[in-house]
Number of protein chains: 2
Amino acid sequence: MTPAPAARDKRGDLTNAAQALFYEQGFGATTLANVAERAGVPLGNVYYYFKTKDSLVEAILMERRAAFDAMVAQWDAIQKPKARLEAFLDMNHSGREIVAEHGCPVGGLSMELGKEHSILGDKAAAVLARYLEWTTAQFRAMGRDDADDLGLRLMSSLQGAMLMANSFRQPELITREVNRARAWLNDL
Amino acid sequence: MTPAPAARDKRGDLTNAAQALFYEQGFGATTLANVAERAGVPLGNVYYYFKTKDSLVEAILMERRAAFDAMVAQWDAIQKPKARLEAFLDMNHSGREIVAEHGCPVGGLSMELGKEHSILGDKAAAVLARYLEWTTAQFRAMGRDDADDLGLRLMSSLQGAMLMANSFRQPELITREVNRARAWLNDL
DNA sequence: GTCTATACCACGATAGAC
DNA sequence: GTCTATCGTGGTATAGAC
């Protein structure tokens, strides 16, 4: 048997590079040459894996959805719904530095792609909707019949805090809002 | 005396066109040819008024600041600070349809320009900061010494609502948040 | 001040050898 | 599957006649 020669996952390298660059610079400002370079792949070869730039961002949206689903799988092992939401808040808080630097990865893409490019914008919004559905489900599990309202309020306040934190480059604004949300959650 | 031949303000036409297009399509996605066409000005002539595309967006940022200052001048004629904030909320509510379609004009520019283009991003953030300063000043006039916190909370919740409303194309999300803010304001 | 023509470059995407 | 070379388009910005 020949020893397996550490097969390289070029497709994965490309989505990783693209994910980071679209997040840091935006979709429009990032060129496929940027992505290829960061992934260590020649430009021409990108097109073997992704026929267009659009299909690349679609792949990233799907990965983000999958990543969130994986987190959800962990959180759903927690007994109490309130504790699940607290875990969700913890995650939001732990990302505060990066978010203050580059904004919310999902919110940012949704905003950019939503302008003019309506097909891709809808796909980004669908990822955001998934976050919203999950938070709403937790409030419902808590027995609240205003769960829709509460879920929206939580997501909306976090999005607002992330936008302000990003505009002013102040991660503490996220800390503040997360703490407020934690207290609010306990008083419900 | 020759009758004044309805002098045309080309510079103004250009900033108006650019304002609308940057808002609808984003800064990066809008070409100077788009702007020129919408303004009814030949492409080459744009450069007589604005040396670069960047200087055009800077001019727009200044106009937005001036427009806000003009609103503020009206609101400041209102006696009670709480009523001034209510007027501010009314304005936010009245724009809900357009905001659901294209997002917050200031927040959107701040987000887009903040990515990579840090100089312009700061200028956009400065406009947002001005909104924040004004709301904070109203809470201070109400005698609250947590005015900083309250001002931030108001702006942040509005930004969050606008982002969600835009992602999902639902103006009612803004109505909801504005109503909540109104009630919150009364209970303070 | 105005406008046409165009330089110049960067990008997305393809062709085609290996 | 991989990679180089390149096409075609469309963008910012300029030159220079009027």
Side-chain angles (χ1 to χ4, degrees), chain A residues 2 4-61 109 112-113 115-121 123, chain B residues 2 4-61 109 112-113 115-121 123:
Chain A
T2 47
R8 189 181 158 199
D9 176 19
K10 283 198 184 181
R11 208 193 123 98
D13 292 347
L14 284 168
T15 51
N16 286 342
Q19 200 285 321
L21 287 166
F22 292 166
Y23 180 42
E24 292 164 16
Q25 309 179 347
F27 174 71
T30 300
T31 71
L32 288 174
N34 292 153
V35 175
E37 189 187 16
R38 178 119 154 198
V41 168
L43 174 60
N45 203 353
V46 172
Y47 291 90
Y48 176 74
Y49 295 97
F50 301 96
K51 276 185 261 294
T52 64
K53 194 185 180 188
D54 286 4
S55 74
L56 183 52
V57 80
E58 277 188 71
I60 281 158
L61 254 9
L109 268 184
E112 181 176 4
L113 300 176
K115 295 197 181 285
E116 185 83 353
H117 214 308
S118 66
I119 314 118
L120 289 174
K123 299 201 180 187
Chain B
T2 46
R8 187 182 158 199
D9 176 20
K10 283 198 185 183
R11 209 194 124 98
D13 291 346
L14 284 167
T15 51
N16 286 342
Q19 200 286 321
L21 287 165
F22 292 165
Y23 180 42
E24 292 163 17
Q25 309 179 346
F27 174 71
T30 301
T31 72
L32 289 175
N34 292 152
V35 175
E37 189 187 15
R38 178 119 154 199
V41 167
L43 174 59
N45 204 352
V46 172
Y47 290 90
Y48 177 75
Y49 296 98
F50 301 97
K51 275 187 263 294
T52 64
K53 194 185 180 187
D54 286 5
S55 73
L56 183 51
V57 80
E58 277 188 70
I60 281 158
L61 254 10
L109 268 185
E112 181 176 4
L113 299 177
K115 294 197 180 288
E116 183 86 351
H117 215 308
S118 64
I119 314 119
L120 289 174
K123 299 201 181 189

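Worth saying up front: this structure is predicted, and the values here are computed from it rather than measured. Proteins come first, then strands; the chains are lettered A, B, ... in the order of their sequence lines, and each starts at number 1.
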Which ring pair (Phe, Tyr, Trp, His ring centres under 6.0 Å) pairs, counting each pair once, include a residue from residues 24-51 of chain A, with sequence neighbours left out?
-> A/Phe22-A/Phe27
Nearest-nucleotide comparison on DNA chain C, the residue closer to the 5′ end among A/Asn34 and A/Lys51 = A/Asn34
Look up atom NZ in B/Lys53 and atom CD in B/Glu58, then write down how far apart they are to the nearest 0.5 Å.
-> 14.0 Å
Chain B footprint on DNA chain C, 5' to 3' - any atom under 4.0 Å from a heavy atom | C/dG1 to C/dT4
Starting from P on D/dT14, measure out to CG on B/Asn45 and report it in whole angstrom.
-> 15 Å
Between B/Glu37 (CD) and D/dG11 (P), how many Å, whole number?
-> 11 Å
With nearest nucleotides of DNA chain C determined for A/Thr31 and B/Gly44 from heavy-atom distances, which residue corresponds to the more 5′ nucleotide?
-> B/Gly44
B/Asn16 CG to B/Arg38 CZ distance, which is reported to the nearest 0.5 Å = 9.5 Å
Nearest-Å distance for atom pair CG/C1', residues B/Leu43 and D/dA13 | 9 Å
Determine the contact category for A/Tyr49: base if any of its heavy atoms lies under 4.0 Å from a base atom, sugar-phosphate if only primed atoms, P, OP1 or OP2 are that close, otherwise nothing.
-> sugar-phosphate
Is there a side-chain contact between A/Ile119 and A/Asp54, using heavy atoms and a 4.5 Å cut-off?
-> no
To the nearest angstrom, the OH-C1' distance between A/Tyr47 and D/dG8 comes to 13 Å
Given side chains that start at C-beta, do those of A/Glu37 and A/Thr31 come closer than 4.5 Å, heavy atoms only?
-> no
Side chains of B/Val46 and B/Val35 in contact at under 4.5 Å (non-hydrogen atoms) = no
Nucleotide D/dA13, atom P - distance to CG of B/Leu56 in whole Å = 10 Å
